[in-house]
Number of protein chains: 2
Amino acid sequence: MDAISRIERTLSASLERVNTKGGPPLLAAAMHHAVFPRGARIRPRLCLAVAAACGGDDPAAADGAAAAIELMHCASLVHDDMPCFDNADLRRGRPTVHRAYGEPLAVLAGDALIVLSFQTVVWNCAASPTRLGPLVDILAKSTGMPSGICAGQAWECEPTKDLGQYQREKTGALFAAATEAGAASAGVEAEPWRELGMRLGEAYQVADDIADVFAGQADIGKNIGQDAANGRPNAALAMGIQGAMRHLETLAEAAAASIPACPGQAQLQALTLSEARRLLPKDLSLTAA
Amino acid sequence: MDAISRIERTLSASLERVNTKGGPPLLAAAMHHAVFPRGARIRPRLCLAVAAACGGDDPAAADGAAAAIELMHCASLVHDDMPCFDNADLRRGRPTVHRAYGEPLAVLAGDALIVLSFQTVVWNCAASPTRLGPLVDILAKSTGMPSGICAGQAWECEPTKDLGQYQREKTGALFAAATEAGAASAGVEAEPWRELGMRLGEAYQVADDIADVFAGQADIGKNIGQDAANGRPNAALAMGIQGAMRHLETLAEAAAASIPACPGQAQLQALTLSEARRLLPKDLSLTAA
């Protein structure tokens, strides 16, 4: 079964397990709306790729870790889209959860997805109980204080905010969780895999910056020019398109070079470089390839 | 060390562990505001009492479970107080978190406390790793879908809501988590301890109903008459004060009778009856005692 099918199957199984037993139907619908239909699922695919490279001997644990990270990502999107943050109307071309279901259910859907994320790890770790502690800890560290996605979002509320730090923490945290959890799900020490996630998170951010500035050259399906309009730091504005693309290539090479010795090291290095190039808007990625 | 000291120490240790490493200071302050100064800590005290009655051989695991349940309770209060739910200005005589720190930090503080709750279990279960899975599962079940506190709160958003079910789920879920987690932290099967939590949750709700109606006879330090004003179900309005007090006594006796065989069974039965009477407003509890 390919990675996407495994991810979708695990996400569906988790949602069905909690949403078909007489719970409040609107909250169940709001949670489903937040998770399906799928986006790129880039974080859980990264998690599965690392687990496989580590010789993953427990595919269920890897599936659980990957789905847990995606559920946490979806929860953060639901809360970040709310009126008191980004006040976004659309997500993946559809109404955001608070637009479709109202603010109370958006708060609760985010909360319930955070909880479901932890449950998903427990449910899929039955064959490897000693891996549960490290996985819960990785998931929590990437989400809470002092440097998870909640902390990253909270820097927006600080009077002396460092927006660069804010972006690094928000994007890097879940990418690092993906690589660390992939390793931990395979029974391998997680810490050496952190750098790969942080580098790829930074590359993803640079690609997003490029798309925000140069989307006139490519159809990326969301509003552009938001960083310039909001005074947010943007690598493509700071370096120009060629500079930003070179920076992305450098980050991808550093990411590939950081991959620890493991059974699938060479294959994961090649995948890292090709996937990093695929992050660019289509017409730019053709140039870069 | 007495129960309250153990609880406060574990809560402080968890908050300090995440809030002193260069994270955003306002989010750290908002989380602290949500947890301290303490309320009655009734759920974590129940958790520790059950762990002790079960002959708890791992006090750290019990402390972690108790603090985790209190952190989840505090998280739910932060989100439930927000403008899109109860729009409450005061909690324990101080401004609610969103009044003191704004809505964005209230959303994030609730999220980060949910995450910290799971971390607290992991950190305190190091000596009993096989108890981690059951504890995370109990905590998640009592919080998420289909019958945790998020689900209970979400019934408020349903067009065909059953307010009685809503109250039972919200109050009962964390009381049941307290008794189940107390048992699980001691390495004992959790399910037989569920009924004690559910009965005590119901007793707590009845005592709250009595206070809401008869607080003119006692200083309980919060707004009264809210149920009648909002058309919410209230046992004391339905049964009268004598009927509601008899109902509470019956629930307390059923709770005590449900306690499974364990080393501290008799002591816990006596504690259950005396604590249930203490739930009443002071002048009423003197009558009942």
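Heavy atoms only: backbone and side chains are in, while hydrogens, waters and symmetry mates are out. For clarity, every value in this text was computed on a predicted model and none was experimentally measured. Residue numbers begin at 1 in each chain, while the letters A, B, ... track the order of the sequences.
Among the residues in residues 80-87 of chain B, those with a non-hydrogen atom closer than 4.5 angstrom to a non-hydrogen atom of chain A are B/C84, B/F85. The contact list for residues 144-154 of chain A toward chain B, using heavy atoms and a distance under 4.5 Å, reads A/G144, A/M145, A/P146, A/C150, A/A151, A/Q153, A/A154 by residue number.
Proximity to chain B (any heavy atom under 4.5 Å) is shown, for A/P25, by both the backbone and the side chain. Using a 4.5 Å cut-off between heavy atoms, B/L132 touches chain A through backbone and side chain atoms alike. With a 4.5 angstrom heavy-atom cutoff, A/A28 touches chain B via backbone and side-chain atoms both. If you measure heavy-atom distances from A/L26 to chain B, the contacts under 4.5 Å come from both the backbone and the side chain.
Taking chain B as the reference chain and counting heavy-atom pairs below 4.5 Å, the highest number among A/L108, A/T143, A/V107 is found for A/L108.
Here the CG atom belonging to B/D111 is positioned 5.5 Å from the CG atom belonging to A/D111, to the nearest 0.5 angstrom.
Side-chain contact between B/F118 and A/D137 is absent, with no heavy atoms from C-beta onward closer than 4.5 Å. Two residues are said to be in side-chain contact when any heavy atoms from C-beta on lie closer than 4.5 Å; B/E156 and A/P104 fail this criterion.
When all heavy atoms of B/K141 and A/Q119 are compared, the closest pair comes out as N-NE2, 3.9 Å.
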